[in-house]
Amino acid sequence: MTGDIEQVARRYARYTALGAVVIAGLWHVGYDLTVTVTGWEDFRLPVLAAVAWVVYTVVGVVAAVHLLRDRTVPAAGTGLLVAVTLAVDVAVILACHPRDLLGTIDWGWGSVGWVGVMLLWNRPRWRAELIAFLAANAGLMLAAMVVTGAFDRVSVAKYLVVVAGAITLQLGYSVGGHALRASAEDAALLARRLAADEAWRMSAQRIHADRLRRYGAIRDVAEDLLERLADGADPGDERVRQECTAGALRLRRLITEREDVPDALVTALRERIDAAERRRVLVTAPPFGGTLPDLADSVRADLLRVPLLALDGARSWARVTVSAMSTMVSVAVVADNDDLAVSSDPVRKASGVVVTYQRQGGEVWVNSMWQAT
């Protein structure tokens, strides 16, 4: 579920950016190119207008490529491209006669804002920078009107209408796009938190179930021993003493077991220890302390394989220990096992686990160790 929501958030981010690219491209080709071609004879410097259109295209392509790849143009590059974009505005103004400053062929000042939207889309302070860019663009046009004397009431009214329309479209789209992306990211964050809460709840349920299992096992062991003693079993009988010793060891292990979030390796060990104790094997197992690192399935399997064979083949007693650090896990078993085949040299598994054996008479010691590389 979390992955699906995060994928939706990424799609929101991508398609709002794609929308800015599409609008800028269609505007530049559908309007800017059209009025440049159809108004060629009306320009004072038509070649300059054509060059401005080409430069605008190049800057727009650079901005679009970075935007669609979800990259930010480096700060120095952004400053240069912003300056070039505003220079395009000035070039189109210079290419027009003063009487056409507010005419249809003066496409630059109404169009370059879309390039600004793309250039500043992924920058941390995009809002303030885009406002400054649009203000600079509007200021250039206002200065041109003042210099050429086109500053009458009608011209100023036209100017305000175009400026208001352009800024509303460009700034409004950018704000709306970023708001959609922020909402999608908030939804993804909420989904991650809900998933974490659900994982915590499931862990709590597993811990509770493990606690109930342990309490039940403790009760069964204690009841069995106490009932036998109450029924007249002789505490001095060797068999009764051995069973009491086995029960005491199991009680101590069950009582000292930690209630941390269950680990797959520890769970597997506990299951086999329980099975060995049901076979009347005296198992000593100190509390498995520490938090085990995340292990690949192949590593966990190789860590457990030989120690579990030693434990399963124990005749009457065994000792199990687990040591763990952030970059190392070791599982060791000592048992009276006659059947386990041993190697005089350490055995290295493909997973990186190293298994060491040692036999002395009817006792065997095996140690499986994994270390991060």
Side-chain angles (χ1 to χ4, degrees), residues 207 209-260 262-290 292 300-324 329-343 353 355-370:
I207 291 172
D210 188 62
R211 184 184 297 118
L212 293 178
R213 175 197 64 80
R214 187 164 64 254
Y215 289 168
I218 291 172
R219 184 187 62 248
D220 293 341
V221 172
E223 284 180 351
D224 181 61
L225 291 174
L226 293 175
E227 285 176 357
R228 294 191 62 183
L229 292 172
D231 291 340
D234 183 7
D237 183 84
E238 183 64 24
R239 182 178 180 83
V240 173
R241 291 173 63 184
Q242 288 180 353
E243 290 182 357
C244 287
T245 301
L249 286 173
R250 191 178 185 195
L251 281 173
R252 184 172 65 180
R253 180 181 65 80
L254 291 170
I255 291 171
T256 57
E257 280 184 359
R258 297 171 62 91
E259 296 183 357
D260 295 338
D263 178 85
L265 185 144
V266 172
T267 299
L269 278 173
R270 285 175 177 170
E271 290 175 354
R272 302 297 268 273
I273 290 172
D274 287 341
E277 288 174 334
R278 287 193 293 271
R279 294 188 289 106
R280 305 294 183 181
V281 175
L282 302 179
V283 181
T284 303
F288 301 138
L292 276 68
R300 187 184 304 110
D302 287 340
L303 278 170
L304 290 172
R305 185 174 292 109
V306 178
L308 290 182
L309 288 175
L311 179 61
D312 291 344
R315 297 191 313 275
S316 61
W317 66 271
R319 179 177 176 83
V320 182
T321 57
V322 176
S323 302
V329 177
S330 171
V331 180
V333 171
V334 183
D336 56 346
N337 184 321
D338 296 321
D339 302 325
L340 183 67
V342 300
S343 171
V353 173
V355 183
T356 306
Y357 302 80
Q358 186 173 341
R359 178 177 289 283
Q360 184 175 358
E363 299 178 0
V364 67
W365 170 80
V366 295
N367 182 59
S368 298
M369 179 179 292
W370 170 84

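In this structure, the side-chain hydrogen bond (donor to acceptor under 3.5 Å, both in side chains) partners of S316, at least two apart in sequence or on a different chain, are D336. With sequence neighbours excluded, no residue forms a side-chain hydrogen bond (donor to acceptor under 3.5 Å, both in side chains) with D339. Remark: L304 engages L265, A268, L269, R300, L308 in a side chain to side chain contact (heavy atoms under 4.5 Å, CB included) (not counting sequence neighbours). Residues satisfying the side-chain hydrogen bond (donor to acceptor under 3.5 Å, both in side chains) test with T356, not counting sequence neighbours, are none. Shown here are the side-chain hydrogen bond (donor to acceptor under 3.5 Å, both in side chains) partners of R279, two or more places apart in sequence or in another chain: there are none.
At least one donor-acceptor pair closer than 3.5 Å links the side chain of R359 to the backbone N or O of L340. At least one donor-acceptor pair under 3.5 Å links the side chain of N337 to the backbone N or O of A310.
Residues S330 and N367 bring a donor and an acceptor atom of their side chains to less than 3.5 Å of each other.
The shortest heavy-atom contact between V366 and Y357 is CG1-CD2, 3.6 Å. A276 and L311 get closest at one heavy-atom pair: CB-CD1, 4.2 Å. Contact detail for S368 and V353: the closest heavy-atom pair is CB-CG1, 4.1 Å. Closest non-hydrogen pair, A335 versus A314, comes out as CB-CB, 3.8 Å.
You'll find the side chain of W365 stays beyond 4.5 Å of the side chain of R319, heavy atoms only.
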